[in-house]
Amino acid sequence: MSPLHAAAQAVLELSPQLARAVSHRLNVGSAATPRRAADDDNAHHLAYLAEAIRTGDDALFVNYAQWLKVRYATKPQTGRSVESVLEALRHAIMECAPGPTAGATVPILDTALAALPSSPDTAPSYLDPDAPYAATARQYLDRLLAADRNKACDLVVRTAGGGAPIRDIYVHVFQPCLREVGRLWQLNKISVAQEHYCTAATQLVMAQLSPYVFSGVTSDRRMVATCVGGELHELGIRMVTDLMEMAGWDTYYLGANMNTEGILAAIEEYDADLLALSATMVYHVHLVEETIAAVRDSERTRGVRVMVGGFPFLVSPDLWRTVGADGFAPDPDTAIAVADQLVPGGKP
Ligand code: B12
């Protein structure tokens with residue numbers, strides 16, 4: 001095991017103890033902030049930290065600290081600021097895990113602490129009034145936030161019927177609207193229920209567009225697309241998959257939360273040339289790495305090329321190499337180009 005992997009594992013193994021130490025230091029445990037909730041929160045911070053340690057990629061934790069700053073600014077935490085939490089984590093790690101573990105961890109916490117003062121405490125909108133289909137995107141989101149799924153659906157179906165390419169609807173309407181929904185949740189302006197409603201409605205609308213996606217044309221290039229285990233964010237990889245299907249790939253989409261065994265079996269059964277793996281939560285990056293290692297380890301699947309994507313890979317553009325992938329793409333257009341390079345013109 002590499003020293004970084006060992007340090008990350010130590011942080012995860014000590015997580016309950018470290019989480020309690022942080023709560024104790026910050027003196028939480030009132031009715032307003034129950035002790036258990038604070039401990040859970042601290043364990044969440046440690047899960048992000050462990051990924052940054054393991055991959056040697058500070059950006060994964062710095063980005064999280066910046067995200068937390070926005071969240072805390074709009075949903076104030078009793079007696080806690082992000083800075084105080086990071087300081088307490090630093091202290092707890094130096095006390096409970098001195099030596100190599102603290103040596104690998106403290107510099108990341110220091111980098112995050114140094115980045116915080118200049119980082120904003122709010123997040124800008126994803127709806128750019130100058131972007132293509134800006135008016136459609138605005139209307140679509142407004143209708144969803146008004147709980148009017150039918151009108152939102154009509155709008156998109158009419159836009160597609162009027163000749164708008166599915167690619168444009170995905171990239172210029174669904175993508176910014178979903179990200180905006182996340183931002184509004186982060187800023188505490190909409191509830192978890194609204195976030196779920198908008199997502200479920202978008203899945204429904206995407207299903208209405210499926211006649212445009214599946215043309216019946218068959219291809220000899222096959223792709224299995226899925227999220228790693230525990231990962232529930234399935235819409236990004238769904239969009240990539242649909243647009244690759246339209247670009248001539250034969251796709252096999254498995255959706256959210258697939259365990260490694262299931263992924264290996266699907267690659268074999270479907271005789272895939274390409275595996276597209278998605279992760280959104282940073283604390284799932286190790287699962288991407290483990291899945292790729294398992295794919296390479298098995299004689300049945302080692303010939304498949306692997307392309308990765310999702311939020312952590314946007315934050316850290318070299319992370320795909322660290323996890324052992326053959327390629328990465330930040331969006332569907334690039335995904336099609338990278339896939340064409342990885343599997344040129346079909347099977348050898
Ligand atoms: C919808 C949503 C959910 C839904 C997901 C439902 C579903 N069926 O997919 C639910 C409610 C389950 C959910 C849960 C959670 N979520 Co959530 N969620 C979102 C939201 C609003 C939209 C996600 C989305 O579809 N985005 C649009 C797509 C198009 O973008 P994308 O995923 O980046 O994908 C693009 C590229 O990355 C790329 N890509 C993606 N995958 C792949 C794969 C390959 C191979 C390739 C080549 C490319 C590629 O192509 C896509 C198209 O361009 C985001 C906000 C956001 N900024 O994305 C938050 C967000 C991701 N969630 C967040 C959080 C915190 C959570 C929860 C912890 C708590 C919560 N909010 O409920 C849980 C964790 C669940 C888990 N264990 O996975 C945070 C993460 C913050 C962070 N710093 O880590 C976000 C950013 C919201 C925010 N602004 O705070 N969420």
Side-chain angles (χ1 to χ4, degrees), residues 166-167 170 174 202-203 206-281 284-313 320-321 323-348:
I166 296 302
R167 180 256 174 216
Y170 277 22
F174 294 155
T202 301
Q203 283 173 308
M206 283 170 89
Q208 308 275 316
L209 299 180
S210 61
Y212 295 94
V213 173
F214 298 98
S215 60
V217 175
T218 53
S219 159
D220 62 346
R221 287 189 295 170
R222 292 161 172 253
M223 174 178 86
V224 164
T226 187
C227 297
V228 292
E231 182 60 66
L232 301 182
H233 298 90
E234 60 185 339
L235 282 165
I237 182 72
R238 160 96 186 264
M239 290 187 204
V240 170
T241 309
D242 283 359
L243 295 174
M244 286 191 57
E245 178 82 27
M246 292 183 80
W249 282 77
D250 190 354
T251 64
Y252 196 64
Y253 170 70
L254 310 180
N257 189 20
M258 268 307 282
N259 65 28
T260 306
E261 253 326 295
I263 296 174
L264 261 61
I267 295 170
E268 196 183 4
E269 273 163 37
Y270 197 61
D271 190 19
D273 304 293
L274 182 68
L275 170 66
L277 266 186
S278 184
T280 294
M281 301 314 290
H284 290 151
V285 168
H286 70 283
L287 293 175
V288 177
E289 190 168 341
E290 283 165 24
T291 304
I292 296 174
V295 165
R296 310 277 198 227
D297 256 11
S298 162
E299 256 173 53
R300 300 172 295 146
T301 55
R302 73 170 54 121
V304 78
R305 311 305 304 277
V306 185
M307 176 169 68
V308 294
F311 181 70
F313 302 97
W320 64 275
R321 294 181 201 277
V323 298
D326 298 305
F328 145 75
D331 55 57
D333 296 341
T334 318
I336 293 167
V338 169
D340 282 347
Q341 268 172 19
L342 293 177
V343 188
K347 288 178 193 174

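For this chain, numbers begin at 1 and follow the sequence in order. The structure presented is a predicted model; accordingly, all values stated were derived computationally and were not measured.
Side chains of Val224 and Leu274 form no contact here, defined as non-hydrogen atoms less than 4.5 Å apart. Residues Met258 and Thr291 are not in side-chain contact: their nearest non-hydrogen atoms beyond the backbone lie 4.5 Å or more apart. Taking 4.5 Å as the limit, every side-chain heavy atom of Thr226 sits out of range of all side-chain heavy atoms of Ile237. Residues Tyr170 and Leu243 form a side-chain contact, since some pair of their non-hydrogen atoms from C-beta on lies under 4.5 Å apart. The shortest side-chain heavy-atom distance between Leu209 and Phe174 falls under the 4.5 Å cut-off. Looking at Trp249 and Asp340, their side chains come closer than 4.5 Å, going by heavy atoms from C-beta outward. In this structure, Leu235 and Met206 have side chains that are in contact, with non-hydrogen atoms separated by less than 4.5 Å. Between Arg296 and Val306, the closest side-chain pair of non-hydrogen atoms falls below 4.5 Å.
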Inset, instruction - Step by step, work out the side-chain contact (heavy atoms from CB on, under 4.5 Å) result for His233 and His284. - result: CA-CA 11 Å; His233 298 90; His284 290 151; over 6 Å; no
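Distance CZ/Arg222 to CG/Asp273: 8.0 Å, rounded to 0.5 Å. The CE atom of Met307 sits 11.5 Å away from atom CH2 of Trp320, with the distance rounded to the nearest 0.5 Å. Here OG1 of Thr251 is found 10.0 Å from CZ of Arg238. Values are rounded to the nearest 0.5 Å. A distance of 12.0 Å separates CD of Glu289 from CG of Leu277, quoted to the nearest 0.5 Å.
For the residue pair Glu234 and Cys227, the shortest heavy atom distance occurs at CA-SG, 3.8 Å. Nearest heavy atoms, Gly324 versus Ile292: O-CG2, 3.4 Å. The minimum heavy-atom distance linking Asp297 with Arg302 is given by the pair O-NH2, 3.0 Å. Looking at every heavy atom in both residues, Ala207 comes nearest to Pro211 through O-CD, 4.2 Å. In this structure, Val304 and Ala272 approach most closely via the heavy-atom pair CG2-O, 3.6 Å. Closest of all the heavy-atom pairs between Ala266 and Leu254 is CB-CD1, 3.8 Å.
With hydrogens and angles disregarded, a donor-acceptor distance shorter than 3.5 Å links the side chain of Glu231 to the backbone of Met281. Without hydrogens or angle criteria, Asn257 side chain to Leu232 main chain gives no donor-acceptor distance under 3.5 Å. Distance alone, capped at 3.5 Å, places no donor-acceptor pair between the Asp250 side chain and the Asp220 backbone. One N or O on the side chain of Arg305 and one on the backbone of Leu342 form a donor-acceptor pair closer than 3.5 Å.
Classified by interplanar angle (parallel below 30°, tilted 30° to 60°, perpendicular above 60°), the ring pair Tyr270/Tyr252 is parallel.
Each of Asp333, Asp331, Asp242 was compared with Arg167 under the salt bridge (Lys or Arg N to Asp or Glu O under 4.0 Å) criterion, and only Asp333 meets it.
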